[in-house]
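Some notes on the structure that comes next.
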Number of protein chains: 2
Amino acid sequence: MPPVSARRPIPDATVARLPIYHRSLSQLREKGTSKVSSAQLANMAGLNAAKVRKDLSYLGSYGTRGVGYEVKYLLFQIDRELGLAKDLGVAILGLGNLGRALANYGGFGDSGFPVAALLDNDQTKVGTTYNGVKISHLNDLAGVVVAERIAIAIIATPAHVAQEVTDQIVAAGVTSILNFAPTTVTVPDHVTLRKVDLASELQILGFYQHRDTDIAEAS
Amino acid sequence: MPPVSARRPIPDATVARLPIYHRSLSQLREKGTSKVSSAQLANMAGLNAAKVRKDLSYLGSYGTRGVGYEVKYLLFQIDRELGLAKDLGVAILGLGNLGRALANYGGFGDSGFPVAALLDNDQTKVGTTYNGVKISHLNDLAGVVVAERIAIAIIATPAHVAQEVTDQIVAAGVTSILNFAPTTVTVPDHVTLRKVDLASELQILGFYQHRDTDIAEAS
DNA sequence: TAGTGTGAATTTCTTCACAGCG
DNA sequence: CGCTGTGAAGAAATTCACACTA
């Protein structure tokens, strides 16, 4: 029997939307809604119905024609596809403002990603605990990764050490990295890297604002 | 004479990469490097040379065959395209952990996006200042937007008030919004909305981790 | 009959490959 | 010669439109 993932591969664009569906479906379940149509789901998720149906079709044919999707069952399938309920340990590297905010951010643990390690290179922070988690020194990275079974690393260091810290976490065997440092870091092919770039987001918004303003002025 | 933006439109995917080029070029300028090839730039930005050349070609033909691009001139063109040096005022709505971290985050002001307003609905916070900026009540949104010439709003409220706050900021005339709240918000067509979804990022990483693990096990 | 599931059409993005120029 | 600029090819993502069925 082939493993779960041996189906027709799910496109990246669809993968990126699974968490949105997950969230929308969770809300529906909370409300006690048992059935949902692609149009309703699209509305909640800020998408269109065709895209929702196409996306869900990659998971399998879980809908009922003329009716829609059963909320609980679809949610279960998405959970399974996302590999939730595995409790992947998260390490946050760098405990400046952003790192601490992320450590405090309840949203992670709730979604099955417990913050299991905090690391910094500031000796005055090392040894103290933050939000119930002990702060370790970045030099002890390798040991902490093993001891806490870290599966995902969040880089929240200043830009100038981000690459160095990334190299260390990769060497320690972590293959999933989320980079918040305002710089580009590179990783080997077998490592999945995503980034959250706050300054870039504002610049992108600025671009469209600028452009739309020009268009308005040109009329 | 047509306005700057009346050229062949820049694709969204390219726009999203302009900030990366901006950052890489800034680093080069800092180092005193005057010329750069598409291959070097690609290397810094974590992209490939063909994409870099294609992207830059949408801005105009600013390179020199056989040589490369002049760092300062290209940077100037990207700045202009991004509409930087306009100092678009940013308002942060919601001053929990995340909102405060963002307010402290130096990266914004540095890139020409001064944090000009902070808003919350907690009366004990209103009236105090944070990081040199006075905290106003969310009820005073409309006035603050005008007084501080807010162009971009960052939503950092809890999920359950995000839509309400978004509606208010749209009503106040802001057309660029960056949503950090862990929920989908909808806006009218003329408003540009981007989102940063922390929990989703982890779920996406979890998906690939899960999948790659399965593949490894299947061998 | 209402709404799914999906081939086909379309659009967007990426990559190729090479002519053209400094 | 070396590297840009760009048509053309290819891949990916989105949207359309409708057969199908519970």
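Every chain is numbered from 1, with letters handed out A, B, ... down the list of sequences.
Rounded to whole Å, atom C1' of C:dG3 lies 13 Å from atom CG of A:Leu56. As a whole-Å value, the separation of A:Lys54 NZ from C:dT6 C1' is 5 Å. At whole-Å resolution of the value, NZ in B:Lys51 and P in C:dT15 are 4 Å apart. What separates OH of A:Tyr73 from C1' of D:dA22 is a distance of 16 Å, to the nearest Å. Summarising the geometry, the separation between CZ on B:Arg17 and P on C:dT12 is reported as 15 Å, rounded to the nearest angstrom. If you take CD of B:Gln40 and P of D:dG2, they are 15 Å apart, rounded to a whole angstrom. In this structure, OH of B:Tyr62 is placed 16 Å from C1' of D:dT6, rounded to the nearest angstrom. Atom NZ of A:Lys35 is separated from atom C1' of C:dT4 by 14 Å (rounded to the nearest Å).
Contact annotation for A:Ser38: backbone-only contact, meaning every heavy-atom pair under 4.0 Å involves sugar-phosphate atoms and none involves a base.
Close to D:dT15, at under 4.0 Å from its OP1 or OP2, lies a side-chain N or O of A:Asn48. Proximity of B:Tyr69 to the phosphate of D:dG5: a side-chain N or O atom is located under 4.0 Å from OP1 or OP2.
Comparing A:Thr64 and A:Ala13 along DNA chain D, the residue whose closest nucleotide (by nearest heavy atom) sits nearer the 5' end is A:Ala13.
With a 4.5 Å cut-off on side-chain heavy atoms, B:Leu41 and B:Leu56 count as touching.
Across C:dC18, C:dG20, C:dC13, the shortest atom-to-atom separation from the side chain of B:Arg53 is found for C:dC18. Minimum atom distance to the side chain of B:Pro11 is reached by C:dC13, of the listed D:dA8, C:dC13, D:dA13. Closest to the side chain of B:Ser61, out of C:dG5, D:dT14, D:dT6, is D:dT6. In this structure, of D:dG5, C:dC13, C:dG22, it is D:dG5 that holds the atom nearest to the side chain of B:Ser57.
Note on B:Asp87 versus B:Arg149: no salt bridge recorded, every NZ/NE/NH1/NH2 to OD/OE distance being 4.0 Å or above.
For an aromatic pair to be called close, the ring centres must be under 6.0 Å apart, and A:Tyr69 with A:Tyr62 fails this.
With hydrogens and angles left out, the side-chain atoms of A:Asp55 and A:Tyr21 include a donor and acceptor closer than 3.5 Å.
A donor N or O paired with an acceptor N or O is not found under 3.5 Å between the base of D:dT21 and the side-chain atoms of A:Arg65.
Minimum interatomic distance between B:Val185 and B:Gln163 (heavy atoms only, all atoms of both residues): CA-OE1, 3.2 Å.
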